[in-house]
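What follows is a single structure, written as structure tokens, with notes after it.
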Amino acid sequence: MLTHLLQAATPEIPKSLSQLDIVIQNLIDSGISAGKHIIAAVVIFIVGRFLIKLINRLVASILQRRHIEISVQTFLSSLVNIILTILLIITVIGALGVNTTSFAALIASAGVAIGMALSGNLQNFAGGLIILLFKPYRVGDFIDVCGVQGTVSAVQIFHTILLTPDNKAVYLPNGSTSSSTITNYSRENKRRIEWTFGIDYGEDVNRARTAILSVITADARILNEPTPFVAVGGLSDSSVDIIVRVWVPTEEYWNVYYDMHQRVYETFNEQKINFPYPQQTVHLVQD
């Protein structure tokens, strides 16, 4: 009976060994395949990191040569680094044998949905980049944009904050701001001021002109170049209009503008130069 048992067990040994060999062989093949994917992923990661550093340095060098502000350089460099890193991660995942088609489709679908929901903000973000790159205005500039005048308080990612002369904070979307006509009153270091002063008909125009020039000469804030301009600009219904144009440092614009009115008024009074009053001549016809 023992013999029969041994004979019955003997044929099963090669069968078990063959199954074990198959399992081991499958494990070895899977290990080799996984090893290849891992080695490829490691190589891609190392080369990718090297290329990202190289591209970051190239971008930083270009920004520096263009003399772009440090804050803008940092922002753009970070943005480029993030995008390249995301692409590298997707490439490494693909090298590991993971199917990235569905993964990329999911990202694309999410991107479309987020883009549709935040289309306005994306436009404002792009507008902010345009403002930072081309600098139509900077913090501290007095500008006129989208029908609002004020001093730029901050340029944020999505909005530009203006402080109006009566100290109201106005948030303007960067998308609208970057595509609108912008008048920057602070960009240049000097500005021209223009006044119109009226005198009575019959007054000596040359005497009035000399009086105005004396006021201009006495004000050290008014620039000698370009030369101040004083001339008769028109003959109105009740006055002879004298146009005055001078150039001043930008920061002195409003101070000189308002001071000139008072000083010309005082000077005309001292020299008995009459200001005009509205007049109307009435002719009576008798039957």
Side-chain angles (χ1 to χ4, degrees), residues 62-79 120-197 212-213 215-231 233 242-265:
I62 293 174
L63 295 176
Q64 288 177 359
R65 286 200 301 268
R66 291 178 178 272
H67 303 290
I68 296 175
E69 291 183 358
I70 299 298
S71 58
V72 179
Q73 293 183 27
T74 305
F75 176 82
L76 292 179
S77 298
S78 300
L79 184 62
N121 285 331
L122 291 177
Q123 181 183 3
N124 293 334
F125 176 76
L129 291 180
I130 293 174
I131 293 169
L132 289 175
L133 285 174
F134 295 100
K135 300 181 183 63
Y137 54 80
R138 302 182 182 183
V139 173
D141 288 352
F142 188 85
I143 65 173
D144 184 342
V145 60
C146 299
V148 180
Q149 288 188 346
T151 302
V152 180
S153 174
V155 180
Q156 299 180 343
I157 296 178
F158 299 119
H159 294 88
T160 292
I161 303 176
L162 293 186
L163 290 179
T164 61
D166 56 349
N167 206 33
K168 295 177 182 176
V170 180
Y171 288 74
L172 298 175
N174 286 335
S176 301
T177 303
S178 63
S179 59
S180 298
T181 301
I182 302 171
T183 303
N184 191 332
Y185 296 98
S186 303
R187 189 178 184 88
E188 302 300 328
N189 59 4
K190 61 183 178 182
R191 288 182 60 189
R192 192 186 75 180
I193 308 178
E194 181 174 320
W195 301 271
T196 299
F197 298 108
I212 294 174
L213 286 174
V215 175
I216 293 174
T217 304
D219 196 328
R221 297 169 298 182
I222 296 177
L223 303 177
N224 294 324
E225 291 293 334
T227 305
F229 175 84
V230 181
I242 299 177
I243 291 181
V244 180
R245 295 172 182 161
V246 300
W247 289 82
V248 298
T250 299
E251 63 273 13
E252 295 289 350
Y253 181 90
W254 292 111
N255 294 330
V256 175
Y257 179 83
Y258 290 114
D259 288 347
M260 190 71 172
H261 285 96
Q262 180 176 349
R263 294 180 181 180
V264 168
Y265 175 77

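The shortest side-chain heavy-atom distance between Pro136 and Asn184 does not fall under the 4.5 Å cut-off. Using a 4.5 Å heavy-atom threshold, the side chains of Val264 and Val244 count as separate.
Take Gln262 and apply the side-chain hydrogen bond (donor to acceptor under 3.5 Å, both in side chains) test, not counting sequence neighbours, and it matches Glu266. By the ring pair (Phe, Tyr, Trp, His ring centres under 6.0 Å) test, Phe229 is found to be paired with no residue, residues two or more places apart in sequence or in another chain being considered. Thr217 is linked by a side chain to side chain contact (heavy atoms under 4.5 Å, CB included) to nothing, counting only residues two or more places apart in sequence or in another chain. For Ser176, there are no side-chain hydrogen bond (donor to acceptor under 3.5 Å, both in side chains) partners two or more places apart in sequence or in a different chain. Judged as a side-chain hydrogen bond (donor to acceptor under 3.5 Å, both in side chains), and not counting sequence neighbours, the contacts of Arg192 are Glu194. In this view, Gln149 and Phe142, Asp144, Tyr185 satisfy the side chain to side chain contact (heavy atoms under 4.5 Å, CB included) rule, not counting sequence neighbours. Residues passing the side chain to side chain contact (heavy atoms under 4.5 Å, CB included) test with Thr196 are Asp241, Ile243, sequence neighbours excluded. Contacts of Thr160 classified as side-chain hydrogen bond (donor to acceptor under 3.5 Å, both in side chains), with partners at least two apart in sequence or in another chain: Tyr137, Asn174. Applying the salt bridge (charged side-chain N to carboxylate O under 4.0 Å, His left out) criterion to Arg263, with sequence neighbours excluded, gives Asp219. Not counting sequence neighbours, the partners of Asp166 by the side chain to side chain contact (heavy atoms under 4.5 Å, CB included) test are Thr164, Lys168.
Thr250 contributes no side-chain N or O that, together with a main-chain N or O of Ser186, makes up a donor-acceptor pair within less than 3.5 Å.
Phe197 and Trp195 have parallel rings, their planes meeting at less than 30° on a 0 to 90° scale where 60° marks the start of perpendicular. The aromatic rings of Tyr258 and Trp254 sit parallel, their planes meeting at an angle under 30°, below the 60° perpendicular limit.
Note that CD1 of Ile216 and CD1 of Ile222 are 5.5 Å apart. Values are rounded to the nearest 0.5 Å. To the nearest 0.5 Å, atom CG of residue Asn224 and atom CH2 of residue Trp247 are 14.5 Å apart. Rounding to the nearest 0.5 Å places NE2 of His159 at 9.0 Å from OH of Tyr171. Separating the CD atom in Glu252 from the CZ atom in Arg191 is a distance of 12.5 Å, to the nearest 0.5 Å.
Closest approach of Pro173 and Asn124 over heavy atoms only: CB-OD1, 3.4 Å. When every heavy atom of Gly140 is checked against every heavy atom of Thr151, the shortest pair comes out as O-CG2, 3.6 Å. The two residues Ser153 and Val139 come nearest to each other via the heavy atoms O-CG1, 3.6 Å. Ser178 and Gly175 get closest at one heavy-atom pair: OG-O, 3.2 Å. What you find for Thr177 and Ile182 is that their closest heavy atoms are O-CD1, 3.5 Å.
A side chain to side chain contact (heavy atoms under 4.5 Å, CB included) with Met260 is found for one member of Val248, Ile212, Asn255 and no other, namely Ile212.
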